[in-house]
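A short write-up of the structure that comes next.
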Amino acid sequence: MKLNIVGYEGSSGVSKAGKAYEIGQLHTLAPLAEPFGDAGVARGQMGTTYRTPLPLIMKLKNTPCPFMAEVDIRDVMRFGKREQDVYDIILLTVDRKVVP
């Protein structure tokens with residue numbers, strides 16, 4: 001899926017309970033769906049976040065935002081709830097004019 005990436009963050013360490021952790025998130029803009037009828041209006045984009053493995057986030061470490069990327073997102077079931085996880089990110093373009 002081609003996405004407009006506007007931010008990313010990641011961290012690793014040891015929790016207070018002594019367990020190691022790695023956290024990564026990819027922040028994107030998704031286009032709004034068309035309105036249901038002629039009386040409605042929907043324009044622009046809305047932010048969304050995807051859980052992303054830290055090694056993929058670190059691959060982007062020196063990439064300025066925003067940029068377009070082809071992102072492999074898969075549905076997974078976690079504790080009976082459907083979630084979307086990122087499995088790969090392929091950089092397509094970087095637009096330095098959009099956000100300083």
Side-chain angles (χ1 to χ4, degrees):
M1 170 185 315
K2 191 183 289 189
L3 294 175
N4 181 7
I5 311 298
V6 295
Y8 51 87
E9 58 187 327
S11 179
S12 65
V14 178
S15 71
K16 292 178 183 177
K19 294 187 179 188
Y21 68 88
E22 289 187 345
I23 300 170
Q25 289 188 326
L26 195 63
H27 304 284
T28 70
L29 291 179
L32 294 173
E34 292 293 320
F36 289 113
D38 293 334
V41 63
R43 290 193 181 99
Q45 298 175 321
M46 183 175 186
T48 188
T49 301
Y50 295 98
R51 178 192 311 254
T52 307
L54 188 58
L56 289 179
I57 295 295
M58 296 310 286
K59 197 167 88 168
L60 304 171
K61 187 175 180 178
N62 297 314
T63 306
C65 293
F67 59 90
M68 294 299 294
E70 186 67 35
V71 183
D72 180 8
I73 299 172
R74 301 179 194 173
D75 287 345
V76 295
M77 295 301 291
R78 190 171 280 117
F79 301 109
K81 182 179 175 188
R82 184 182 62 85
E83 295 183 5
Q84 294 180 309
D85 283 356
V86 174
Y87 284 82
D88 196 16
I89 303 169
I90 300 168
L91 184 66
L92 298 176
T93 62
V94 176
D95 185 0
R96 291 176 178 87
K97 298 177 200 167
V98 178
V99 175

Do [X] and [Y] share a hydrophobic cluster, counting only Ile, Leu, Val, Met, Phe, Trp and Tyr and linking them when any side-chain heavy atoms are less than 4.5 Å apart?
{"X": "L54", "Y": "V86", "result": "yes"}
{"X": "L56", "Y": "L3", "result": "yes"}
{"X": "L91", "Y": "Y8", "result": "yes"}
{"X": "F67", "Y": "M58", "result": "yes"}

Side chain proximity check, [X] to [Y], heavy atoms < 4.5 angstrom:
{"X": "I89", "Y": "I5", "value": "no"}
{"X": "R78", "Y": "K81", "value": "no"}
{"X": "L60", "Y": "L26", "value": "yes"}
{"X": "Y50", "Y": "I73", "value": "yes"}

| query | Rounded to the nearest 0.5 Å, how far does CD of Q84 lie from CZ of R51? | reply | 11.5 Å
| Which residues share a side chain to side chain donor-acceptor pair (under 3.5 Å) with R82, sequence neighbours left out |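 By the side chain to side chain donor-acceptor pair (under 3.5 Å) rule, R82 matches D75.
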| field | Which atom of M1 lies closest to which atom of E70, heavy atoms considered | value |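 Heavy atoms of M1 and E70 come nearest at N-OE2, 2.7 Å.
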| Residue pair P64 / N62: nearest heavy atoms and the distance that separates them |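 So the two residues come closest at CD-O, 3.5 Å.
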Identify all side-chain donor-acceptor contacts of residues 30-45 below 3.5 Å with residues at least two apart in sequence or on another chain.
none

| field | side chain to side chain donor-acceptor pair (under 3.5 Å) partners of residues 17-32, not counting sequence neighbours, each pair once | value | E9-H27, H27-T49
